[in-house]
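My structure is below; once you've seen it, I'll send some questions.
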Amino acid sequence: MSKIKIITDSSADLPSSLIQSEKIEVVPLTVRINKKEFVDQQDLSPQQFWALSKSSPTLPETAAPSPGKFLQAYEKAEKDGYRGVICITISSKLSSTFSSAVTGSQNFDGSIPITVIDSKNVSIGHGLSVLAASKLSHSEEKIEAIEEKIKNLIPKTKFFIALDTLENLKKGGRIGNAAAFFGSLLSIKPIISIKDGIVTAESRQRTRSRSLEYLIKKIKEESPIEDLSIAGAQALDIDNFKNQISNFYDLSNSIISEVGPVIGAHAGPGAIGVAFHSLK
């Protein structure tokens, strides 16, 4: 058994097989579609989410887990014999999930230490921090040492996303500095990035192919890198995109995941994101 229990929320977009093999505990957010509420990853798969979204007249909404849900996860970790917990959440600037996780830890009256970390990222960018913590949790290092390593890694975690539309981000109020794109929504394929936990305008491209070329350009510019991972939101061209990357980067050990309902509600269909750790 791992010495330290790793807990995260369902927005990390890690493949279920990886979550199971690493024994990561996931506290789910909820998704509301057409006035009906679903528990992410339990009541709603990515495929079901996209099907329901297409038939819904309103944009899906998401809600953070309650502090009590995190408290239950902490208590379970202690009961299962772990000597500590590290919980890593979606950016605190984009969701109240971090706040709920902290409040849950403050209400915990057990004897093991609970550390809550803001990933300052989303989707697979968030997931990379979770996975790094999981790998470190198998060591004999103290929880404080693992926490320090993850916090040092977070600024080196880059995440760039090619969107097919800005409508979901605009309607959901998560646009942040990317508001600079407005005025020509119909004529561009925007690229956004996550910087210090905020959605930021990165580039605007005229066609889909150019937007994906831009992602490839960013990967090359940021090199040397490691842990390159890809997440797609019903992106039909993701295989072609992977093939282009494999011409210069070995993807055999990379995470290839689906964008789940929580992030998909804001990114919209067709989005492709790339995350990696910069070695510069």
Side-chain angles (χ1 to χ4, degrees), residues 8-22 24-33 38-56 59-62 88-91 94-95 97 119 121-131 134 157-165 167-169 172 174 189 191-194 199 208 211-212 215 219 227-246 249 251-276:
T8 189
D9 61 78
S10 61
S11 72
D13 288 341
L14 289 170
S16 57
S17 58
L18 192 56
I19 288 171
Q20 293 170 6
S21 64
E22 289 291 321
I24 297 167
E25 183 77 14
V26 176
V27 178
L29 282 81
T30 56
V31 181
R32 181 183 290 271
I33 305 176
F38 302 87
V39 177
D40 187 26
Q41 295 189 3
Q42 295 179 19
D43 302 335
L44 195 65
S45 69
Q47 293 79 9
Q48 292 169 322
F49 165 75
W50 292 115
L52 289 170
S53 295
K54 287 179 181 179
S55 62
S56 174
L59 187 70
E61 299 176 338
T62 60
I88 305 175
T89 75
I90 184 175
S91 170
L94 298 175
S95 170
T97 300
S119 75
N121 220 311
V122 302
S123 186
I124 198 63
H126 164 198
L128 284 183
S129 294
V130 175
L131 186 58
S134 183
T157 306
K158 311 293 184 179
F159 189 33
F160 300 90
I161 312 105
L163 302 176
D164 243 7
T165 175
E167 283 303 313
N168 290 57
L169 274 178
R174 298 301 203 278
K189 296 296 181 183
I191 310 290
I192 60 173
S193 60
I194 307 299
V199 177
R208 173 69 167 183
S211 69
L212 297 184
L215 290 187
I219 295 170
D227 303 321
L228 174 65
S229 300
I230 302 170
Q234 281 209 326
L236 300 180
D237 49 359
I238 194 168
D239 285 338
N240 180 56
F241 180 65
K242 289 189 296 183
N243 290 336
Q244 293 181 62
I245 293 177
S246 64
Y249 186 94
L251 292 174
S252 58
N253 295 316
S254 295
I255 299 171
I256 309 296
S257 70
E258 292 182 274
V259 172
V262 174
I263 303 303
H266 303 293
I272 292 181
V274 291
F276 50 82

* Asked: So, do Lys189 and Asp164 sit near enough that their side-chain heavy atoms are less than 4.5 Å apart?
  ->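 A side-chain contact exists here, since the closest heavy-atom pair is under 4.5 Å.
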* To do: Give the intermediate values and the outcome of side chain to side chain contact (heavy atoms under 4.5 Å, CB included) for residues Ile33 and Phe49.
  => CA-CA 9 Å; Ile33 305 176; Phe49 165 75; 3.6 Å; yes
* Hey, mind stepping through Asp237 and Ile272 against side chain to side chain contact (heavy atoms under 4.5 Å, CB included) and telling me if it holds? -> CA-CA 9 Å; Asp237 49 359; Ile272 292 181; 3.7 Å; yes
* Any chance the side chains of Ser119 and Asn121 put a donor and an acceptor closer than 3.5 Å? ->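 The criterion, which ignores hydrogens and geometry beyond distance, is not satisfied for Asn121 and Ser119.
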* Asked: Do the non-hydrogen side-chain atoms of Phe38 and Pro261 ever get within less than 4.5 Å of each other?
  -> no
* Asked: So, for Gly264 and Val259, which heavy atoms are closest and what is the spacing to 0.1 Å?
  ->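 Here Gly264 and Val259 meet closest at N-CG1, 3.5 Å.
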* Asked: So, for Ile90 and His126, which heavy atoms are closest and what is the spacing to 0.1 Å?
  -> N-CE1, 3.3 Å
* Identify which one of Thr97, Ile263, Val27, Val26 satisfies the side-chain contact (heavy atoms from CB on, under 4.5 Å) criterion when paired with Ser10. => Val26
* For side chain to side chain contact (heavy atoms under 4.5 Å, CB included), just list the numbers for Glu61 and Val31, CA-CA rounded to whole Å, side-chain angles, deciding distance to a tenth of an Å, and then say yes or no. => CA-CA 6 Å; Glu61 299 176 338; Val31 181; over 6 Å; no
* Evaluate side chain to side chain contact (heavy atoms under 4.5 Å, CB included) for Ile194 paired with Ser91, printing each intermediate quantity in order. => CA-CA 9 Å; Ile194 307 299; Ser91 170; 5.6 Å; no
* **Asn243 atom CG: more than 12 heavy-atom contacts under 6.0 Å** =>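 Check passes, neighbour count above 12.
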* To do: Decide side-chain hydrogen bond (donor to acceptor under 3.5 Å, both in side chains) for Asp13 and Ser123; before the verdict, give the C-alpha distance in whole Å, the side-chain angles of both, and the deciding distance to 0.1 Å.
  => CA-CA 5 Å; Asp13 288 341; Ser123 186; 2.7 Å; yes
* Taking the side chain as C-beta and beyond, is there a heavy-atom pair between Asp40 and Thr30 under 4.5 Å? -> no
